[in-house]
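To find a chain, count down the sequence lines: A is the first, B the second, and so on, and within it residues start at 1.
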2 protein chains.
Amino acid sequence: MTSVALVDDHELLRTGLMAIINSFEGFKVVMEADNGKQFTEKVKSKTPPDIVLLDITMPVMDGYETSSWIKTNLPQTKVLVLSMLENDTAIIRMLKNGARGYILKDSKPKVFKDALDSIRDSGYFINELVSNKLMHYINHEEVFEGDAFALNSLSENESTFLKWICTEKTYKEIADEMCLSPRTIDTYRDNLFKKLDVKTRVGLAIFAIKNGIVNI
Amino acid sequence: MTSVALVDDHELLRTGLMAIINSFEGFKVVMEADNGKQFTEKVKSKTPPDIVLLDITMPVMDGYETSSWIKTNLPQTKVLVLSMLENDTAIIRMLKNGARGYILKDSKPKVFKDALDSIRDSGYFINELVSNKLMHYINHEEVFEGDAFALNSLSENESTFLKWICTEKTYKEIADEMCLSPRTIDTYRDNLFKKLDVKTRVGLAIFAIKNGIVNI
DNA sequence: CAAAAAACGGGTGAAAACACCGTTTTTTTA
DNA sequence: TAAAAAAACGGTGTTTTCACCCGTTTTTTG
């Protein structure tokens, strides 16, 4: 019997997932958590699950952090990402952080069953989504280093700044909010323009929303 | 036995929902559809369901349209909205379009059961989410007329314009794309600022994304 | 048909955003 | 502890955005 943990902040989705997984031969849901932090705490007092079904966009501790944590602290446990994010950045980043597979939330149940079987049997689930991104990554690694993985290299302040970007405040007002000089804010913006390969504030806002840095 | 139809483009969620609903005493899922259009076609050859569980954000024909269609074509059928949108605009608009209740996708299953029971028994499910918005609507109707329902009064061009807003193009470039004078684009922007009660382009972009006018 | 509303186009000036130049201070790390 | 890297800050000028004024043409509506 393969044990599965569900880590997702949507309780209704979790309930549905549990019903489905428990109906699969040989799988059983043994743990649920609202976010990564809660998972790390719950797993202390239990046998680690074989597979963790992991969402990315979650409060407190998101999927990226959680996958990294599992990779180092529970090396036997395999992560299957279940997300609605379909962009290169998210997929490659999760794979880098140790995920064994990546499926979308609007997948058909069969895909879902295949993924679980494959991860249990071979340790990985390489679908078209993943293989495409992997191939692209192999051939354009430098692009990802400078672009997709820019997300990883965002500083605390830059993330905070991106949150403010998605408001109607001017840069001067953002400087006040962050207790920094407007010049510094200018530098943040210019650096992010380069890092994220955008040219305008709207570009920054879209990036922040796309990548779950801000939840709207 | 109360018959239920599921209209949502996330098949996995639908499957989970079906498992849950069928486990409820007295409810049975009799129909599924990927979007509103598919529902209107499928329902032609069947007995209309008692309750439609309806998502808002869907391709082809969204929840707003679908609810309106049901209101006029299937007056016996009651709509329960199941969405992840939590903003005033979406909630009030769906209620205006005939929805009998509104619950969030991350609700607990109990809430979900309560909602179905309440709609079957009383025709409505008034939770805090809905009552708050209703009360606010009663007291600030004029605000909603000019704000929340601005969404309904967006012209074709304004919607197109909002899509361009969420890009890195300047207004001049947008004018070129839309084959209009930059002055006209200026007017569009100023009108939308008033209608949507925002002050900057970022505000417009956030509105457009929040309300599903652009999919990022 | 006349009035009203909506769409389109226009000018000006101020504010904000952006580009590019730089220095000083703090933190890292070799 | 000295060198390197990163973070904070600064000036200047251009482009874009925004606010407020306006008239004309087309469409809608009573």
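- In this structure, the separation between CE on B/Met58 and NE2 on B/His10 is 11.5 Å, given to the nearest 0.5 Å.
- To the nearest 0.5 Å, the span separating CG on B/Asn35 from OG1 on B/Thr66 amounts to 7.5 Å.
- Atom CD in B/Glu158 sits roughly 10 Å away from atom C1' in C/dA6 (whole-Å rounding).
- Summarising the geometry, the separation between CD1 on B/Ile185 and P on C/dC8 is reported as 9 Å, rounded to the nearest angstrom.
- For A/Asn157, a side-chain nitrogen or oxygen approaches OP1 or OP2 of D/dA8 to under 4.0 Å.
- With the nearest nucleotide of DNA chain C identified for both B/Cys179 and A/Lys199, B/Cys179 has the one nearer the 5' end.
- Nearest to the side chain of A/Tyr188, among C/dC8, D/dA8, D/dT17, sits D/dA8.
- Side-chain atoms of A/Ser181 lie closest to D/dC9 of the nucleotides C/dA19, C/dG9, D/dC9.
- The CG atom of B/Leu192 sits 12 Å away from the P atom of D/dA19 (whole-angstrom rounding).
- At a non-hydrogen distance threshold of 4.0 Å, nothing from residues 162-176 of chain B comes into contact with DNA chain C.
- Here C/dC8 is the nucleotide among D/dC18, D/dC9, C/dC8 with the atom lying nearest to any side-chain atom of B/Thr184.
- Of the charged side-chain nitrogens involved, none lies within less than 4.0 Å of a carboxylate oxygen, so that A/Lys169 and A/Asp176 do not count as a salt-bridged pair.
- Across the protein-nucleic acid pair, A/Lys194 atom NZ and C/dC18 atom P stand 13 Å apart, rounded to whole Å.
- With rounding to whole Å, B/Asp186 atom CG is found 17 Å from D/dC22 atom P.
- For D/dA8, the OP1/OP2 oxygens have no side-chain nitrogen or oxygen of A/Arg183 closer than 4.0 Å.
- Side chain A/Thr187 to base D/dC9: a donor-acceptor pair is found below 3.5 Å.
- In this structure, CZ of A/Arg189 is placed 5 Å from C1' of C/dC18, rounded to the nearest angstrom.
- When rounded to the nearest whole Å, the span between CZ of B/Phe193 and P of D/dC18 equals 4 Å.
- Atom CG of B/Asp9 and atom NZ of A/Lys105 lie 13.0 Å apart (nearest 0.5 Å).
- A distance of 12.5 Å separates OG1 in B/Thr47 from CD in B/Gln76, rounded to the nearest 0.5 Å.
- Distance, A/Leu180 CG to D/dA7 C1': 10 Å, rounded to whole Å.
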